[in-house]
Number of protein chains: 2
Amino acid sequence: MASPVSATRNNAADRRRPGTVSIREVAQRAGVSIATVSRTVNRIPSVNPDLAKRVWQAIDEVGYLPNTQARALVSGRSRMLGLIVSEITNPFFPELVQEFENLAVAQGYEVFIGSTNYDPARTESLIRRMLQRSVDGVAIMTFGIEEELVQKLVEREFPLVFVDAGPDLPNIRVLKVDYGEGIRQGVQHLAALGHRSIAFITGPLYMRSAVARRDAFVKSMAEIGLTAPAEHIVEGTHTMEGGIASMEKMLALGELPTAVMCSNDMTAIGVLHALYRTTHKVPEEISVVGFDDIHLAQFALPPLTTVQMSCKHLAAAAVEGLRAGIEPAHPRAASKQWRIPTRLVVRQSTAFPRGTLPALMQNASSGRRESSPRSASELRP
Amino acid sequence: MASPVSATRNNAADRRRPGTVSIREVAQRAGVSIATVSRTVNRIPSVNPDLAKRVWQAIDEVGYLPNTQARALVSGRSRMLGLIVSEITNPFFPELVQEFENLAVAQGYEVFIGSTNYDPARTESLIRRMLQRSVDGVAIMTFGIEEELVQKLVEREFPLVFVDAGPDLPNIRVLKVDYGEGIRQGVQHLAALGHRSIAFITGPLYMRSAVARRDAFVKSMAEIGLTAPAEHIVEGTHTMEGGIASMEKMLALGELPTAVMCSNDMTAIGVLHALYRTTHKVPEEISVVGFDDIHLAQFALPPLTTVQMSCKHLAAAAVEGLRAGIEPAHPRAASKQWRIPTRLVVRQSTAFPRGTLPALMQNASSGRRESSPRSASELRP
DNA sequence: GCATTTTCGGTAATCGTTTCCCCACCTTGG
DNA sequence: CCAAGGTGGGGAAACGATTACCGAAAATGC
């Protein structure tokens, strides 16, 4: 009679981490059943306020934290959101991740981050891992992903958020970035300054967004009667290294443009670097425009004129899009598209092209400000 | 008799995500019990090879993925590692996160990332969230955290990894970064070039690592008979903004140093920015040295001479340290400390101080290489 | 050829929750 | 004062895995 029935087995609870307290301890201390504790924690209104108070006190005393795994197991909701980015080391993404995380956590979700590094095998394993951890939805922010890899998610009717484009299915929402507007502003800004020879360094062209940005550039140029020759549209990689390589290629070709637009800011920073190495002055000899407006852009030398794609907007739309797919009662549950605006931010990497009004631009004293006098209106007589 | 017993209840399985298959389906299809499936999946050698093959085939056919939540619930191990950083938007950390994640995933772990943003409330909630998700261990890579917040983790005997310093307890491992060596190399490099007036911009001094770096600087200076006046040791924030502010403060004071060392690369990039704005040339007028050697450092203008703290090393040590605490059979289970080396990487932000050998330094053509001829030996007659 | 050992797979308990079902009890109406 | 109605709370069955235990069949010894 010394050992009660449960002691004969090697109880699984022995494996439990010390200090972990379960709903049972709370129930015991409060003198109620575990059902009541659960109801209290989940704020079911039917539980008697006095009892509830006792339960909360017990929870406090024993330091109870509900076990999320058990919760997820029974409810079928893990309250985790997957967030797939292409490279966490590209500064654009940490900013996005940060915003996304803040919003998700505020809504009671946890974030499962993964970067694909443009590697299909890695992406595949990432998706499998997310499925195993049974995330409630996935935001695919890589700006271009192999369709077939996502198939698994689509099959399981996972709420999904894509950027730019995605299949038209009930659980899928798409964030439409307005590439056109921002890039048009950039092109017109340069044209207004007097530039006629404007080059463009694209991202990797298997990415839908890279193509979209390039097309927006070509279209904006055409609108004002300009065309860039083929050798002035160079494919890059959306990295600083790519920016350097692309710019060096262009430099080697001779016949330099007077301005270079880039598909993202990292590329632009690479371009600045390449021009520094070859002692070309920016913006005096060549103007440079980026895209994204990452935090770093304002600290580039010179501070980078760039097209802003609001990270906050993007993150907010992603989280809301996922919630809309997960929570049936969400106000925008029916929306399928979410529009992300862009706009030009003028800093100091753009100026009049060499030869026009040189005296004005040469005095590079301190105190240059974002609202510098190099605006389109000044150019017009 | 129409409805069997289980159909009378509103079965919880109804809530299951479509496409999800459980171990039961596999067992049924393979014609074995769920125990056999489990044993097969976990590669328990006692299961008959023929049976195992049948089971694997069934797994493949139905597309079974073991539910991690259920696994974690029964085993008490979630196979998740917590990773706490201070700011994911500081480029140093994504690099660390990336490495950490690669290693963790290779070992079958998932990573739960969180950034404190230097906010104790946020840190508190982060730790609570990690506890709820029952991570197996936590690496605290913030280089300085409030002791009391960690208390909760310590109490629960969580395997922990700290950077720089941590309590001496059984489950805790510390990564000791050798700040001294790298900073000494930096100071001696500058001194060898001829600098005597070297300033230092620290990190926020409530961070242990910031203090350690400053102390290493002061010590290295003293070793070669130099002292920096108080106004040449300025507190920064480990951000670009902080670097700008600190440098501007120093500029306002007059009595400029000929070289500035910074507690991290972001600060150094801020310093470069401030000097650009005030048209001071780097390195001709002022030399700048960073710390960390983030990827961006080589793309700064000019490319930044900096003290490298190997991210790969740090991440590898963190993962191994955690595994050592979690898995009793780990080869280094007994180790308490892990040493992280540092070393100077010379690029182009350092040169002879103004006035000494100016002609040699002025020809800033391309082709400057890391192994430039500005070494100590050249200086000595 | 029978008894003993070994192998191998199935049954069931368990992890920590949520939630369905039902039984008390209390309130209220007649 | 008793029956009907409503309501709060407890018991127990899931969720999907792991694993201790046990029993049946196969292998082996004498």
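Reminder, nothing fancy here: chain letters follow the sequence lines and each chain counts from 1.
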Heteroatom pairs (N/O) under 3.5 angstrom, protein to nucleotides 7-11 of chain C:
from: C:dG10; atom 1: OP1; to: B:S33; atom 2: N; distance (Å): 3.4
from: C:dG10; atom 1: OP2; to: B:S33; atom 2: N; distance (Å): 2.8
from: C:dG10; atom 1: OP2; to: B:S33; atom 2: OG; distance (Å): 2.5
from: C:dG10; atom 1: OP2; to: B:T36; atom 2: OG1; distance (Å): 2.5
from: C:dG10; atom 1: N7; to: B:R39; atom 2: NH2; distance (Å): 2.9
from: C:dG10; atom 1: O6; to: B:R39; atom 2: NH1; distance (Å): 3.3

Rounded distance (nearest 0.5 Å) linking atom CG of A:D119 with atom CD of A:E124: 10.5 Å

A:L73 has a side chain; which of C:dT19, D:dC15, D:dT18 sits nearest to it? D:dC15

If you check the B:S38 side chain, which of D:dG16, C:dT19, D:dT18 turns out closest? D:dT18

With sequence neighbours left out, what residues match A:Q107 under side chain to side chain donor-acceptor pair (under 3.5 Å)? A:R323

What residues, two or more places apart in sequence or in another chain, satisfy side chain to side chain donor-acceptor pair (under 3.5 Å) together with B:E320? B:H330

Salt bridge (Lys or Arg N to Asp or Glu O under 4.0 Å) partners for [X], two or more places apart:
{"X": "A:E87", "answer": "none"}
{"X": "B:K53", "answer": "none"}
{"X": "B:E61", "answer": "B:R29"}
{"X": "B:R39", "answer": "none"}

Contact list for residues 106-115 of chain B, test salt bridge (Lys or Arg N to Asp or Glu O under 4.0 Å), sequence neighbours left out: A:R129-B:E110

Under 4.0 Å between any heavy atoms, over every strand shown, what does A:I44 touch: base, sugar-phosphate, or nothing? Just pick one. nothing

Angle between the two end axes of the helix from C:dG1-D:dC30 to C:dG30-D:dC1, five base pairs per end, rounded to 10 degrees? 50°

When rounded to whole Å, the CD to C1' distance for the pair A:E25 and C:dT17 reads 13 Å

